[in-house]
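Note sheet for the following structure.
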Amino acid sequence: MGTSLQTVMRFQSSMMLKDMQAHQKMLLQMFSKPLISGMDVNCGKYVQKYAASAVQQGKLSESDINRALHNLFSIRMRLGLFNGDPRNHLYGKFSSTDVCTEENKFLALEAAREGIVLLKNSGHLLPLKKLKTTSLGVIGPNANIVMLGNYAGPPCSSITPLEALQSYVTDTKFLQGCEDVACVDVSIDEVVQLAKSVDQVVMLMGLDLTEEKEKLDRVDLVLPGKQQMLITTVAREAKKPVILVLLCGGPVDVSFAKDDENIGGMLWAGYPGEAGGLAIADVIFGEHNPGGRLPVTWYPQDFTNVAMTDMRMRADPANKYPGRTYRFFTGKPVFEFGYGLSYSTFSYEFTSTTQRILRMNETIRLQAVKDSQKNISYDISKLGSEQCQKLKFSAAVRVNNHGPMDAKHSVLLFLRRDYVRGGAPRKQLIGFENVHLKARDKSDVEFDINPCKHLSRIEEDGRMLVDEGPHFLMVGDKEHEFSITG
């Protein structure tokens, strides 16, 4: 019995050692690859802890380290850190007055304005009319703070959303509703009374750095604590549909608000920085026409059932795996990547100059391959840049702003295939252009399409294939069909 126990213990120790060695090997690879690829400095302790071992195992060369050190010390020399007091040199003379110029403050405001995404605007509730909004109720734990993200420096000046809204409507009343975004306790009677007493309610909810930041992952996608209950209760009791402003870095499942007719307008502002409060108020009252688009897919709460360590992009229906990102996700998102409304109405049309047939040349036809269903694809992974350049064609889109406001508008060009095979994306963004259009004006936007880059898919063995057959270019609700043929 004793011998058997010792054998088991030795086996367990051996397995633990192998696990530790495998873990260390993984960490070494995680550390070495970024440094080899051009990373010069790591803010954590990985370099201190693993560099020597990585060199000893041949995963990292001293020349890689020397290159990083050369770059780092070159910068320090340019800053004058080795030539006496750096404050006496060129860069040492800069102060906050050089940062906090009127030009830079306006840039902060423009960045915050253009980053705001209009998610919902039922019945054209927004923008509010300043003269017709006699009283305003502002509710929420994010209303009277300046939302700065990770690694933020001290702001030059700042104004909270509450302060900015007060500058538009003198009769503005405020309640937090919750002590903080965790929203454990809700002063529900007070906020309901406030909601009933004012002409219009704006709620500023969401997350902050106590819920999400580097080294602090979220465990779900819904709003924390009793936020949803607070929002729906206020929306039900208010005189008019409320406006919900979400301040958060990552997506949240707000399906309840999307479907609630008592919530008329919804904005996502991210962490908008020092001028974010003013930017939010400017959008709500129509001083700025929102044109932001979502940079990520907003997944529903049940997406948290997918293991965080399962990083496969492509869906696996057999195992009920929905895939990741807008390119492969087969579920129903709360909001799609690239989603964003405007106070203006836009329409699109592909002009007659957009190509309808793309014929592969003789060089590419020699690379033709067939799958088991005899579908033809062209192996372009062997082509050089010169051959790829010869395949380029353009797509022209006419954009109309039907008003009623001038707008800066992002035109997103997507590719959709008539069929999905070989792990190809369901759709993919292949180009975008920003245009500024006055109300009832139009503009032609031209996209350069490189088939080697934009129309190809990647096989498991790394080959880049372009499939023969119909493809579709998409802008908004418009599609243009073109065919790839030999």
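Atoms considered below: every heavy atom in the structure, side chains included; atoms not considered: hydrogens, waters and symmetry mates.
The number of heavy atoms from other shown groups lying within 6.0 Å of CZ (F472) is above 12. More than 12 heavy atoms of other residues, nucleotides or ligands shown are found within 6.0 angstrom of CD on E479. Atom NZ of K173 has more than 12 neighbouring heavy atoms from other residues, nucleotides or ligands inside a 6.0 Å radius. Atom NE2 of H402 has more than 12 heavy atoms from other residues, nucleotides or ligands within 6.0 Å. Counting non-hydrogen atoms of neighbouring residues, nucleotides and ligands closer than 6.0 angstrom, the NZ atom of K408 reaches no more than 12 such neighbours. Residue-environment remark: CZ (R78) stays at or below the threshold of 12 foreign heavy atoms within 6.0 Å. Counting heavy-atom neighbours within 6.0 Å of N88 CG, excluding the residue itself, gives a total above 12. The number of heavy-atom neighbours closer than 6.0 Å to CD of E211, taken from other residues, nucleotides and ligands shown, is above 12.
Residues L412 and F432 come closest through the heavy atom pair CD2-CB, 3.6 Å. Contact between D40 and A68 at its shortest, heavy atoms only, is OD1-CA, 3.6 Å. Heavy atoms only, all atoms of each residue included: N83 and H89 are closest at O-NE2, 2.6 Å. Closest non-hydrogen pair, T325 versus M313, comes out as CG2-SD, 3.9 Å. For the residue pair D406 and S344, the shortest heavy atom distance occurs at O-OG, 4.4 Å. Between L221 and P300, the shortest heavy-atom distance links the atoms CD1-O, 3.3 Å.
I280 has its side chain within reach of I284: a pair of non-hydrogen atoms, C-beta onward, lies under 4.5 Å apart. Looking at heavy atoms from C-beta onward, E261 lies out of side-chain contact with S122 at the 4.5 angstrom threshold. Taking 4.5 Å as the limit, every side-chain heavy atom of P272 sits out of range of all side-chain heavy atoms of R113. Under the 4.5 Å side-chain criterion, counting only non-hydrogen atoms from C-beta, L341 is not in contact with P290. By the 4.5 Å heavy-atom criterion applied to side chains, T233 and V186 are not counted as neighbours. Under the 4.5 Å side-chain criterion, counting only non-hydrogen atoms from C-beta, V411 is not in contact with F346. Counting heavy atoms from C-beta on, the side chains of E212 and Y271 come closer than 4.5 Å. A 4.5 Å side-chain heavy-atom check between L230 and C178 finds at least one atom pair inside the cut-off.
At least one donor-acceptor pair closer than 3.5 Å links the side chain of Q227 to the backbone N or O of G206. Remark: side-chain polar atoms of Y343 are paired, donor with acceptor, to backbone N or O of V283 under 3.5 angstrom. Side-chain atoms of H454 come within 3.5 Å of backbone atoms of N450 as a donor-acceptor pair (strictly under, hydrogens ignored). A donor-acceptor pair under 3.5 Å links the side-chain atoms of E163 to the main chain of T160, judged by distance alone. Of the possible donor and acceptor atoms, none in the side chain of K105 sits under 3.5 Å from a partner among the backbone N and O of S157. A donor-acceptor pair is defined here as one N or O able to donate and one able to accept, closer than 3.5 Å; no such pair exists between the side chain of N104 and the backbone of A108. Not one N or O on the side chain of N319 forms a donor-acceptor pair closer than 3.5 Å with the backbone of Y321. Here the side chain of N400 pairs no donor or acceptor atom with the backbone of K442 at under 3.5 angstrom. A donor-acceptor pair is defined here as one N or O able to donate and one able to accept, closer than 3.5 Å; no such pair exists between the side chain of S53 and the backbone of Y50.
In this model, no donor atom of one side chain and acceptor atom of the other lie less than 3.5 Å apart for S394 and D448. Judged by distance alone, the side chains of D171 and T134 never bring a donor and an acceptor atom under 3.5 Å apart. For the 3.5 Å distance criterion, the side chains of T133 and D199 fail to qualify, holding no donor opposite an acceptor.
To the nearest 0.5 angstrom, R236 atom CZ is 6.0 Å from T232 atom OG1. Rounded to the nearest 0.5 angstrom, L473 CG and I430 CD1 are separated by 5.5 Å. To the nearest 0.5 Å, atom CZ of residue R426 and atom CG of residue L415 are 13.0 Å apart. Between atom CD1 of residue I116 and atom CG of residue N289 there is a gap of 11.5 Å, rounded to the nearest 0.5 Å. With values rounded to the nearest 0.5 angstrom, S187 atom OG is found 8.5 Å from Q176 atom CD. One finds the CD atom of E237 at 8.5 Å from the CD1 atom of I188 (value rounded to the nearest 0.5 Å).
For the pair K478 and Y348, the NZ or CZ position fails the cation-pi test of under 6.0 Å to the six-membered ring centre and within 45 degrees of the ring normal. Within the cation-pi definition used here (under 6.0 Å to the ring centroid, within 45° of the axis), K258 qualifies as a partner of F335.
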Q. Passes side chain to side chain contact (heavy atoms under 4.5 Å, CB included), V252 versus L207? Steps please.
A. CA-CA 9 Å; V252 285; L207 311 173; 4.1 Å; yes
Q.
Run V475 and V445 through side chain to side chain contact (heavy atoms under 4.5 Å, CB included) and show every step you take.
A. CA-CA 11 Å; V475 176; V445 179; over 6 Å; no
Q: Apply side chain to side chain contact (heavy atoms under 4.5 Å, CB included) to the pair L294 and E336, showing each step before the final yes or no.
A: CA-CA 7 Å; L294 288 181; E336 287 188 324; over 6 Å; no
Q. Are F106 and E103 close enough, and set up right, to give a side chain to side chain contact (heavy atoms under 4.5 Å, CB included), and what steps lead you there?
A. CA-CA 5 Å; F106 181 74; E103 181 182 10; 5.9 Å; no
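The disulfide bond (SG atoms under 2.5 Å apart) test applied to C452 returns C388, not counting sequence neighbours.
Aromatic ring orientation, Y326 versus F337: parallel (interplanar angle below 30°, classes split at 30° and 60°). Aromatic ring pairs are classed by plane angle as parallel below 30°, tilted from 30° to 60° and perpendicular above 60°; the pair F303 and F329 is perpendicular.
Partner of D316 under the salt bridge (charged side-chain N to carboxylate O under 4.0 Å, His left out) criterion, chosen from R312, R314, K320: R312.
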